[in-house]
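Since the structure is predicted, the reported quantities are computational estimates derived from the model, not experimental observations. Letters go in sequence order (proteins before strands), and every chain restarts at 1.
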There are 2 protein chains.
Amino acid sequence: MNEDMGSEGGKNKVRRDRETGTLGKLVSLLDLVALADGPMRFTDILTSSDQPRGTLHRQLSHLVEEGLLEVDRDGRYLIGLRLLTFASRSWARNEFRAVAEPHLHRLQEYTGETVHLGVLRGAEVIYLDKVEGRQSVRMYSQIGNASPAYCTGVGKAALSALDEAELAARISGFEFRLYTEHTLRGPAELLSDIAAIRARGHAFDLEEHESGICCVAAPIRSDDGDMLAGVSVTGPAYRVTPQKLQAWAPLVVAAADSIMMDMRNRMGPKR
Amino acid sequence: MNEDMGSEGGKNKVRRDRETGTLGKLVSLLDLVALADGPMRFTDILTSSDQPRGTLHRQLSHLVEEGLLEVDRDGRYLIGLRLLTFASRSWARNEFRAVAEPHLHRLQEYTGETVHLGVLRGAEVIYLDKVEGRQSVRMYSQIGNASPAYCTGVGKAALSALDEAELAARISGFEFRLYTEHTLRGPAELLSDIAAIRARGHAFDLEEHESGICCVAAPIRSDDGDMLAGVSVTGPAYRVTPQKLQAWAPLVVAAADSIMMDMRNRMGPKR
DNA sequence: AATTATGTTCCAAATAATGGAACTTTCTAT
DNA sequence: ATAGAAAGTTCCATTATTTGGAACATAATT
């Protein structure tokens, strides 16, 4: 299946075994540069990519020429702005996001806390939208971000919508890493949490990904079940108490259901 | 609406002559799908890309496998979310954007109107950040967007920082298109506007790109001059009168200068 | 100025992309 | 429901591109 690897955890060797030929190697390079802490020199990339010098040199020039990478004035490579342009189109044209938007705003206004929309992709959740109350400084920070499914509210909610078989298959590919002292520690804990989520209809994240951050989330699945997503309301633990999360749960679930409905109505006629 | 596109001005044939080998062809496909109005079927892409069926089929599968494209449930292709993830990293790690952020906020608070930060890339301006007052509905809309340099405040401001020779060279590559009745109609008008911008130190966009939208912008150039950018304050013509634009100009210029300074301080030590 | 580290160019050999055609599946009109 | 057409997928000998070692050039360091 589509083994997506844990973009966080990997020694990023360039040759992977997904068979996508030349493209695969180039995308791995992009990934390598994107994940780095800062601009990388030719030699940095050379050592982490085990490609021969000549080869790497040409690959990088091609990526630069296409705007996928950029070179700073010290000749170091960083991820290119062209990707921003592609992404902005991807985002603007995303139907699901557009359908969900008004519901996210409503949820934000009611709770006063931050609302997230994320979709499940392999072992990760990719955040598609974020609505904040007071415009905080880190405006777009979260959009496009990929986080492990097993330690985020949205991720666990989405997972809970899978049937047993699919769920087991997915989880077997997860790599459990301890982000905080509350992070779930393995398949067993995750499965039992998911059972509870199924029973309740909503998921909690109690400082499992980031210390001091809690959320309540609900799953969204498309009719055919080939898209799984989730909505969540998130806030700092000192303000967002378990009682509040509990109280908001029905609202979050309702928002998720409305998004599902709207999506169904929009997609239904076609097909 | 903000009709963007026209990014290069091409009939989007896939084989272009930039020599980037296989990558070039694949990126052209991405571009084709990204620019389309909606999801494309295999055949749609086939006809607009003049690739043989077998070839195209494999290219698309590779792009999909890498997450750069996605396939909807009707088998149609659309731009993939993985690009969002790359972009979010590109954005989060962008030093220039980070340095500029506080200045943009200050400018926004003072004027109450929307502030943009954009960088010049070839004939286009790519918007790197946007700060709005009341959180409007279209949050992420502008970021990553590429617009022609010659009809945007940020673009013209950035162009004004080029020396004569470079400027002439760039302009020769522009394709002038009439977005509104106020859009500059060709190199001559642009050059004379740029002369004025140089004399004043700031640029105006008086409904040149979008009807009813005006802005005042100032150029930002790095010491070595290899990065050109601009800041602008933008708003609807009925509210943002020429007098206001005039009054804000010094602030915008000051913000641009501060960003330049901060950038110099941050970059200086290295090198 | 000499030495080393870093980046660039070259080209025969290896590998991956190509594209025509045969094949399968999905629509469409009767 | 069925035939026919359109859309999508697979196959494989041919062709073109990528590969990678090594020589060459340039910048940094002593």
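Atom P of nucleotide C:dT6 and atom CZ of A:Arg76 are separated by 14 Å, given to the nearest angstrom. Atom CG in A:Leu56 sits roughly 14 Å away from atom P in C:dT9 (whole-Å rounding). As a whole-Å value, the separation of A:Ile45 CD1 from C:dG7 C1' is 12 Å. Whole-Å rounding puts the A:Asp44 CG to C:dA5 C1' distance at 13 Å. D:dA28 atom C1' lies 13 Å from atom CG of A:Asp74, rounded to whole Å. A:Asp50 has its CG atom 12 Å from the P atom of D:dT19, to the nearest Å. Between the CG atom of B:Leu60 and the P atom of D:dA7 there is a distance of 16 Å, given to the nearest Å. Summarising the geometry, the separation between CD on A:Gln51 and C1' on D:dT17 is reported as 15 Å, rounded to the nearest angstrom.
When each of B:Arg58, B:Glu65, B:Glu66, B:His62 is paired with A:Thr20, the side chain to side chain donor-acceptor pair (under 3.5 Å) condition holds for B:Glu66 and for no other.
In this structure a side-chain-to-backbone donor-acceptor pair under 3.5 Å is present from A:Arg93 to B:Ala34.
The phosphate of D:dT18 (OP1 or OP2) has no side-chain N or O of A:Lys25 nearer than 4.0 angstrom.
When heavy atoms are screened at a 4.0 angstrom cut-off, B:Thr22 is found touching the sugar-phosphate backbone but no base atom.
In this structure, the helix from C:dA1-D:dT30 to C:dT30-D:dA1 shows an angle of 60° between the axis at its start and the axis at its end, each fitted on 5 base pairs and rounded to 10°.
Of the candidates D:dG8, D:dG20, C:dG7, D:dG8 carries the atom nearest the B:Arg41 side chain, counting heavy atoms from C-beta on. Among the nucleotides D:dT18, D:dT9, C:dT18, the one closest to any side-chain atom of B:Tyr77 is D:dT9. Candidate nucleotides C:dG7, D:dT17, D:dA7 were compared by shortest atom distance to the side chain of A:Thr43, and C:dG7 ranks first.
The structure places CG of A:Asp129 at 4.5 Å from CD1 of A:Ile143, a figure rounded to the nearest 0.5 Å. Atom CD in B:Gln59 sits 4.5 Å away from atom CD in B:Gln51 (nearest 0.5 Å).
Classification of A:Asp257 and A:Arg264 as a salt-bridged pair fails, no side-chain N sitting under 4.0 Å from a carboxylate O.
Annotation: of the two residues near DNA chain D, B:Gly54 and A:Gly54, the 5′-most nearest-nucleotide partner is B:Gly54. Toward the 5′ end of DNA chain C lies the nearest nucleotide of A:Thr55, the other residue of the pair B:Thr55 and A:Thr55 mapping further downstream. Comparing A:Arg58 and B:His62, the nucleotide of DNA chain C nearest to each residue sits closer to the 5' end for A:Arg58. For the pair B:His57 and A:Arg53, nearest-nucleotide mapping onto DNA chain D gives the more 5' position to B:His57.
Under the ring-ring contact (aromatic ring centres under 6.0 Å, His included) criterion, A:Phe176 pairs with A:Tyr150, not counting sequence neighbours.
For the pair A:Asn94 and B:Leu81, the minimum side-chain heavy-atom distance is below 4.5 Å.
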